[in-house]
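Here's the structure, in structure tokens; my notes come after.
Order of the sequence lines sets the chain letters (A, B, ...), proteins ahead of strands, with each chain counted from 1.
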Amino acid sequence: MLPFYVINGNHLTLLSEKLTQMMEWASKRSVIRMNGDKFRRFVKAPPRNYSVVIMFTALQPQRQCGVCRQADEEFQVLANSWRYSSAFTNKVFFASVDFDEGSDVFQMLSMNSAPTFLHFPSKGKPRRSDTYELQVRGFAAEQLARWVADRTDVQIRVIRPPNYAGPLLLGFLLAVIGGLAYLRRHNLEFLFNKNVWAFSALCFVLIMTSGQMWNHIRGPPYAHKNPSTGQVSYIHGSSQAQFVAETHIVLLFNAAITMGMVLLCEAATSDMDIGKRKIMCVAGIGLVMLFFSWLLSIFRAKYHGYPYSFLMG
Amino acid sequence: MAEHHAVSDGKHKASTNAGGSVHGNSRPGAAGGGGGKGGLSGGLTQPAGWQSLLSFSILFLACLAGFSSRLFAVIRFESIIHEFDPWFNYRSTHHLTTNGFYEFLNWFDERAWYPLGRIVGGTVYPGLMVTAGLIHYMLNLLHITVHIRDVCVFLAPVFSGLTAISTFLLTRELWNQGAGLLAACFIAIVPGYISRSVAGSFDNEGIAIFALQFTYYLWVKSVKTGSVFWTIGCCLSYFYMVSAWGGYVFIINLIPLHVFVLMLMQRYSRRVYIAYSTFYIVGLVLSMQIPFVGFQPIRTSEHMAAAGVFALLQAYAFLQYLKDRLTRQEFQTLFFLGVSLAAGVVFLTVIYLTYTGLYAKIHIPIIASVSEHQPTTWVSFFFDLHILVCTFPAGLWFCIKNINDERVFVALYAISAVYFAGVMVRLMLTLTPVVCMLSAVAFSSVFEHYMGDDTKREKPPAEDSSDEDDKRNSGNLYDKAGKVRKHVSEQEKAEEGLGPNIKSIVTMLMLMLLMMFAVHCTWVTSNAYSSPSVVLASYNHDGTRNILDDFREAYYWLRQNTDEHARVMSWWDYGYQIAGMANRTTLVDNNTWNNSHIALVGKAMSSNESAAYKIMRSLDVDYVLIIFGGVIGYSGDDINKFLWMVRIAEGEHPKDIRESDYFTPQGEFRVDKAGSPTLLNCLMYKMSYYRFGEMQLDFRTPPGFDRTRNAEIGNKDIKFQHLEEAFTSEHWLVRIYKVKNLDNREPLDHKLRSVVPKQKYTSKKTAKRKRGHIKNKLALRKGKKLQKK
């Protein structure tokens, strides 16, 4: 009986030692950085009553892993939300293993892709669902939190640090404008310049009607390159979606048609000599017709079954 | 002031016009009665008469065209209420006409949201129902006995005619009569507006756009005249708008914005003060009379801008007053203090509103699941507005270049509406009128210059100079006699024109564009916006048409064959239709006010049968109705919506429902053999594909081939324990299941203890010698050893 007690005592002291060590690291950094030795000692070795969620990654610049950096940011957000929440306990720790610091760990787990998220449960072996399905669920911190809640019963409310860049930039811009206006306070003519106002209003309207808001919310790719043929298509084939390049083209076309209309009116009303006005007039109607028919042909290519076209098939 | 009133009909307008538009030296905008009409009227002895006749007939034809192009659905199908929300509106209108107005206001609908019920009177905008009810009442008074359904079906087309008229009035105030007529023609047929106002689409938007445009017209009119008369008219129209549609918030933010920008531009005047002060107070009081709106106008953030601008306007007016009383120095310090404070407050408000305004970014599944709440691609803009979307920036350019008080308004209208339309597809509706107006301005200014001969070369309406009051005294744009003299010299200088050839080419091409626009509008209306979605149509190879009337067939079955108080569970899309057509109690409907209740239904649909049965028992469900499109290839069925049910259920019950369980390990949503077992055994799957595995649709495909998803289903052997099939419509589009009552005795959860006798006894008796026997009697046989077991 006696040796058993001794072993058990060792076991307990070892466990509490490990736990205090982990807590100490966790208090320094919310994501504990591990190398091969640490991993073996604190994650792999048996006496353990805490779960560890580990991100296997390759953050060194020479690895050129762009996804790793984004995933790392999300993981940091998650770990920080946990570290600084009131419910923080020593049940779950977040750690990361970089390929360049612990490649032996990668070999040990026979892993060949990064980033990978694994959960090492406090009891028993990792199961299939302890590997996070990165392809399916993405690496948003909220998704990760749900996965962690699923695996460990620890609910983490993801709190993102508020993004001050937008309001700061806006404030800065306003300050610059205000400063300029103050400097030129004796000559505020430019505020009454109708052309400036009309131009900026037009810009806004054109940006909106060409679907930039859709781009902003959905984040489509700029253009699509066919991997087999290498052909780049700028126009999305479906009417439900669009590429960024496509919206820029549409914006230009709309602007050209608008300009054509304005030119037509200018040609008729301006005081220039008749030759110039005729040129303006022809250019205006040309712009309107050319770009409208072009736009119509693009629309027709996207909206299958649309029967009408004009000048261009 | 006397000359301003009673000019709302065309004749008065034109007769004031007559003085200005005699021959070549006429002032520009005046003669522009629809572009070319100037030339026609010029040579006649009584141009005014001709002009007003032409305007009147063009306007009338526009209304007629607008009305008739909305009738595709009625002609192809029948006079029927469309889609989902209109069914609720129709049902409420029906309630209103049968039970009276007060009964309607106090209506508690116990047939919706079982077991919660819904207070209908306090949670709807009653304008639509009251309008339809009133028309019905008037017609019946005149002994024209029409059914309320027909009133409802034709209400939106009739109101589109009124919208055309109010757009004409508004554009005439902004630019000139020609532009007004063009705008009326545009709005009559533009798909962006037709999408919400075809016959049968009995929805709030159908009458709200008329109210919106008319309110704006009266507002512009009251800003121009500064008369309380017009402002009160504006308030009444605003009241109608509030009673009709939640989009009134757009008005109550745009008008204060207009006033605010006018103040910034130092265009403050007593007219603006009178108009806005009256509008804000009277409009506020009136809008609070609608039960659904109640105290919102003084509590919620979206109304705060109006209150802020009201306070600012009072302060500004007070400062103006002080300016007359104080010395310059004192005034300046006070002024700067006040302005900087106010600017700070307004700036914060604007920032706040911008942040709350981006509500398409809210990722609540129930909001994201509605396709109308998506951002807008350029294709939708082009599809709904065609040439107008390309040309209306030009109209905006002209308006800003020749700015005056009311053009400030239209510019702000355009900019704010285009922003909202970009954020959300359904708000394209508020953008459409302003696009029509500004495009009309662009086209009409081109036509003004290019139609007619060179001697009639005209200027755009003279821009508004500093002496506004002078302009106001002369009334409207048409009789600014004082301005004409200024331009005479310029016109003489630019006598040489562009020549008739170029002019006629430009005119022809422009007319061609407009013709293409008309053709496009008709095509879009006919193909995209004229399907009632209650009745489906499919076309055979030879062009003959099949009508699929499964929805009504099934709803009628429910109406005829089920108990009057039976409770039908379905996904929320069909709630209004079940209530309207089948007259049965529903659990959830399109008024998605209770997310957790919807999530419970979603959970029932996505759980396995026994778990679902528990939920259905607790909700007292008698029948379950689902839509299944696998037989005819209808893509809007419940399996395609299923992931949204799972997501919404997961939002409320994350322990029980997990979206990832319904995907294959590769992350695909598949209904065939490779699909996830959770999906293949959930209630929705089983109800959709029950007995479908036995059905072979044609010889090329295996039995149980789903045409919508192009896959052979993975679970063909479906058996129900707690449900039974009650009804399946002709094309299997609607399937109704009856929820069985509890069995008499609950089957035991565990297996029965097997009590196999140690020794099997089989009677050797035949029927002839049936006598008693002793159980477990030792059977001794001679010559055999007794075997021990």
Going from CZ on B:F398 to CE on A:M261, what distance comes out if it is rounded to the nearest 0.5 angstrom?
7.0 Å
So CG of B:N501 and NZ of A:K278: to nearest 0.5 Å the spacing works out to 8.5 Å
Tell me, for B:F383 versus chain A, whether the close heavy atoms (under 4.5 Å) come from the side chain, the backbone, both or neither.
both
Using a 4.5 Å cut-off on heavy atoms from C-beta on, say whether the side chain of A:K302 contacts that of B:W378.
yes
Output all residues satisfying ring-ring contact (aromatic ring centres under 6.0 Å, His included) with A:F243, sequence neighbours left out; order by chain, then residue number.
A:H236
Here the pair of heavy atoms bringing B:Y450 nearest to A:A267 is OH-CB, 3.8 Å
Here the gap from A:F204 atom CZ to B:L396 atom CG, rounded to the nearest 0.5 Å, amounts to 11.0 Å
Quick check: do B:I505 and A:I285 have side-chain heavy atoms less than 4.5 Å from each other?
no
Part of B:V519 lying under 4.5 Å from any heavy atom of chain A
both
Using heavy-atom distances under 4.5 Å, tell me whether A:M289 contacts chain B through its side chain, its backbone, both, or neither.
side chain
Proximity breakdown for B:T376 and chain A, heavy-atom pairs closer than 4.5 Å:
backbone
Looking at side-chain heavy atoms only, is the closest gap between A:T209 and B:F392 below 4.5 Å?
yes
Is there a side-chain contact between A:M213 and B:F420 (heavy atoms, below 4.5 Å)?
no
Any donor-acceptor N/O pair, A:Y308 side chain to B:W523 backbone, under 3.5 Å:
no
Residues in ring-ring contact (aromatic ring centres under 6.0 Å, His included) contact with A:F299, at least two apart in sequence or another chain:
A:Y303, A:Y306, B:F382
Residue that, paired with B:C390, satisfies side-chain contact (heavy atoms from CB on, under 4.5 Å) out of A:L206, A:L295, A:L296
A:L295
How would you list, by chain and number, every residue that makes a side chain to side chain contact (heavy atoms under 4.5 Å, CB included) with B:R658, sequence neighbours excluded?
A:D150, B:E650, B:S660, B:D661
Kindly determine whether A:I217 and B:Q374 satisfy side-chain contact (heavy atoms from CB on, under 4.5 Å), including the steps that lead there.
CA-CA 9 Å; A:I217 292 174; B:Q374 311 297 331; over 6 Å; no
If you measure from CD on A:Q242 to OG on B:S380, what distance do you get to the nearest 0.5 Å?
8.0 Å
Atom pair CH2 (A:W214) and OG1 (B:T377), whose distance is rounded to the nearest 0.5 Å
7.5 Å
Who among A:N254, A:T258, A:V205, A:L251 has the most heavy-atom pairs with chain B under 4.5 Å?
A:T258
Any A:N195 side-chain heavy atom under 4.5 Å of B:W397 side chain:
yes
Please rank B:A394, B:A421, B:G422 by heavy-atom pairs under 4.5 Å with chain A and give me the top one.
B:A394
Kindly indicate whether the side chain of A:L264, heavy atoms from C-beta on, has any atom under 4.5 Å from the side chain of B:H449.
no
Engaged part of A:Q240 at the chain B interface, taking heavy atoms whose separation is under 4.5 Å
backbone
Contacts of residues 408-415 of chain B with chain A (heavy atom under 4.5 Å):
B:I415
Would you say that more than 12 heavy atoms from the other residues, nucleotides or ligands in this model lie under 6.0 Å from the CE of B:M265, or not?
yes
Rounded distance [0.5 Å steps], OG1 in B:T391 versus CZ in A:F292
8.5 Å
If we define contacts as heavy-atom pairs under 4.5 Å, which of B:I502, B:L509, B:V389 has the most with chain A?
B:L509
Is it the backbone or the side chain of B:M512 that comes under 4.5 Å from a heavy atom of chain A, or both, or neither?
side chain
